[in-house]
Amino acid sequence: MTEFNFDTVFDETMQTHNLDTVVILGHLNPDGDAAGSVMSLAHYIHVNYPQYRVFPYLAKTLERGPKKMVVEDKIFVPFEMPDISGKQYCVIVCDNATLERMIGLEYYQNAAASIVVDHHASNEGYGDVNWTKVSEACAENVYHMLSSELLLNAAQKEAYPNAADYIYLGILHDTGGLARANQGIFQAVADLMAMGVDHGRIMKTLHSDTLDILYKRADILHGAVRAMDGRVAYVIMGQKEIAEKDITYEDIHCISTILRDCDDIELGFTMYEEEENGWRCSFRSDGKWINVNELLKPFGGGGHISAAGLKYQTDNVEELKKQILDRVAEMKKKQLSLIHISEPTRR
């Protein structure tokens, strides 16, 4: 896919529709990548296109680590809904694959024009302009689509956190602290540091634990169950247990990653009942043993090959779990048969 020139598309969109206002959105329950992508674009436009008013909007449920950075922002207060009544505007959506998961959907629906920047293979293709390039982080795509000269200008004109800082935040969080970085990402990281990004300072956004949080996490992990000869581990928490132990989704969200990162576990997942019969599930793998995006497609979920999610309505979560584990077994069996077929015949 050819690279996307954001500046050209953005400028043409604003002038063609005679607009002077931009709203930038991410996804529900935003993580560091959503926050980094949204906020970096807001600062980039604010500095380089001062003729336009910019309104980034993030849900207040932003993860604790990235929130430590965003609350230090000296230009924007993204947790307040944009007040643009009566205005025509362009909406830019970052790091969001489906309309169902978008924060501020009404702003998208009422926009005069829309630009989508994403990195999910499951992107629905919505938006007037949609640039979806599968990558480790949406912020990585943001970095590559922007003018390096104008990004440097934005970084130099503003104090921390500026556009470069936010791109670094997004890359850092969606690569697991650069654990899943490739050569291109390391080059981007080096360029951002040359623009003044403080790696150590932003690394601190990856760590926001307290001793009480660790106690709670240990209790959740104590309830983990193994499956499929011990290669899979999961935690299921219904509303009764959630209320008794005062467990929030943020408490359990990291558990699937912790399970996956164990040497003896290939797939980790959690099922959390956030409302009666409404289950929110998180799946993590290395993307090789099992592609969790493909795993969840029949259930209406998706994301990346190594990280995907699912929201599902059911009064029988055990049956849902069984169906998912059955599909894991089916996919592994098919994977094994393809390996056998591809092996050369020995005479």
Side-chain angles (χ1 to χ4, degrees), residues 26-32 34 58-67 96-103 105 120 122 208-210 212-228 231-262 265-285 290 292-304 306-329:
H27 58 71
L28 297 168
N29 302 301
D31 54 9
L58 296 171
K60 294 178 181 178
T61 51
L62 174 64
E63 291 178 357
R64 279 188 295 261
K67 187 176 284 188
N96 182 73
T98 69
L99 294 176
E100 183 182 13
R101 294 204 67 228
M102 188 185 300
I103 182 67
L105 178 60
H120 294 94
S122 56
S208 57
D209 295 334
T210 64
D212 286 341
I213 289 171
L214 292 178
Y215 283 145
K216 192 179 288 188
R217 193 173 297 161
D219 188 38
I220 295 171
L221 284 166
H222 189 70
V225 178
R226 287 180 180 269
M228 299 189 67
R231 308 294 293 278
V232 176
Y234 61 87
V235 172
I236 298 177
M237 297 198 79
Q239 281 198 312
K240 182 180 178 182
E241 185 179 7
I242 289 167
E244 289 174 351
K245 297 181 177 180
D246 189 27
I247 303 294
T248 66
Y249 181 73
E250 192 167 15
D251 293 324
I252 200 172
H253 177 64
C254 63
I255 298 298
S256 56
T257 300
I258 293 172
L259 293 173
R260 183 275 313 274
D261 288 345
C262 294
I265 302 296
E266 303 286 359
L267 169 65
F269 67 89
T270 58
M271 293 180 161
Y272 176 89
E273 191 178 16
E274 61 181 354
E275 59 185 23
E276 188 173 359
N277 297 329
W279 295 85
R280 189 171 170 193
C281 312
S282 172
F283 287 72
R284 297 292 185 270
S285 76
I290 194 80
V292 290
N293 179 52
E294 290 298 322
L295 171 65
L296 297 182
K297 274 186 178 179
F299 304 95
H304 309 286
S306 59
L310 169 68
K311 295 188 78 170
Y312 202 88
Q313 290 287 327
T314 180
D315 61 358
N316 190 345
V317 71
E318 286 296 320
E319 178 59 25
L320 172 62
K321 178 202 71 179
K322 180 182 180 302
Q323 290 176 7
I324 289 174
L325 289 177
D326 286 347
R327 177 157 168 77
V328 172

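Side-chain atoms are counted along with the backbone in the values below, which use heavy atoms only and exclude waters and symmetry mates. For this chain, numbers begin at 1 and follow the sequence in order.
Looking at Gln313 and Glu275, their side chains do bring a donor and an acceptor atom within 3.5 Å of each other.
One finds a salt bridge joining Glu241 and Lys245 here, because a Lys/Arg side-chain nitrogen approaches an Asp/Glu carboxylate oxygen to under 4.0 Å. Between Asp326 and Lys322 there is a salt bridge, with a side-chain nitrogen of the basic residue lying less than 4.0 Å from a carboxylate oxygen of the acidic one. Using a cut-off of 4.0 Å between Lys/Arg side-chain N and Asp/Glu carboxylate O, Lys297 and Glu294 are scored as salt-bridged. Ion pairing between Asp209 and Arg217 holds under the 4.0 Å rule for side-chain N and carboxylate O.
Under the 3.5 Å distance criterion, the side-chain polar atoms of Ser285 are matched with a main-chain donor or acceptor of Ile290. Although no hydrogens or angles enter the test, the distance criterion places no donor-acceptor pair under 3.5 Å between the side chain of Arg226 and the main chain of Ala233. Side-chain atoms of Asn293 do not come within 3.5 Å of backbone N or O of Gly302 as any donor-acceptor pair.
Using cut-offs of 30° and 60° on the angle between ring planes, the pair His304 and His120 is parallel.
Gly303 and Ala308 make their closest contact through N-CB, 3.9 Å (heavy atoms, listed as atom of the first residue, atom of the second, distance). The two atoms that bring Ile265 and Gly268 nearest to each other are CG2-N, 4.4 Å, heavy atoms only. Of all heavy-atom pairs spanning Met228 and Val328, the tightest one is SD-CG1, 3.4 Å. Closest heavy-atom contact between Phe283 and Met271: CZ-CE, 4.5 Å. The two residues Ala227 and Leu325 make their nearest non-hydrogen contact at CB-CD1, 4.1 Å. The nearest pair of heavy atoms linking Ala34 to Asp31 is N-OD1, 2.9 Å.
Inter-residue side-chain proximity for His27 and Met102 is flagged as unmet; no heavy-atom pair is nearer than 4.5 Å. With contacts defined as side-chain heavy-atom distances shorter than 4.5 Å, the pair Leu296/Phe269 does not qualify. A 4.5 Å side-chain heavy-atom check between Tyr272 and Ile247 finds at least one atom pair inside the cut-off. Inter-residue side-chain proximity for Thr314 and Asn277 is flagged as unmet; no heavy-atom pair is nearer than 4.5 Å. Residues Lys311 and Glu274 have side chains in contact (heavy-atom distance under 4.5 Å, counting atoms from C-beta outward). Residues Ile258 and Leu221 form a side-chain contact, since some pair of their non-hydrogen atoms from C-beta on lies under 4.5 Å apart. Phe299 has its side chain within reach of Tyr312: a pair of non-hydrogen atoms, C-beta onward, lies under 4.5 Å apart. Between Leu28 and Thr61 there is no side-chain heavy-atom pair separated by less than 4.5 Å.
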Candidate pair Glu273 and Val317, rule side chain to side chain contact (heavy atoms under 4.5 Å, CB included), full reasoning: CA-CA 9 Å; Glu273 191 178 16; Val317 71; over 6 Å; no

Candidate pair His253 and Asn29, rule side chain to side chain contact (heavy atoms under 4.5 Å, CB included), full reasoning: CA-CA 11 Å; His253 177 64; Asn29 302 301; over 6 Å; no

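Atom CD of Glu100 sits in a sparse spot, with 12 or fewer heavy atoms from other residues, nucleotides or ligands closer than 6.0 Å.
Here the CG atom belonging to Leu320 is positioned 8.0 Å from the CD1 atom belonging to Ile236, to the nearest 0.5 angstrom. For the atom pair CD1 of Ile324 and CG of Leu310, the computed distance is 5.5 Å after rounding to the nearest 0.5 Å. The structure places NZ of Lys216 at 4.0 Å from CG of Asp251, a figure rounded to the nearest 0.5 Å. Taken to the nearest 0.5 Å, the CG atom of Leu62 stands 11.0 Å off from the CD1 atom of Ile103. With rounding to the nearest 0.5 angstrom, the CG atom of Leu259 is 9.5 Å from the SG atom of Cys254. Separation of atoms NZ (Lys321) and CD (Glu319) is listed at 10.0 Å; rounding is to 0.5 Å.
Tyr249 carries Arg280 over the face of its six-membered ring, with the cationic atom under 6.0 Å from the centre and within 45° of the normal.
Residue Glu266 forms a salt bridge (charged side-chain N to carboxylate O under 4.0 Å, His left out) with just one option from Arg260, Arg231, Arg284, and that option is Arg231.
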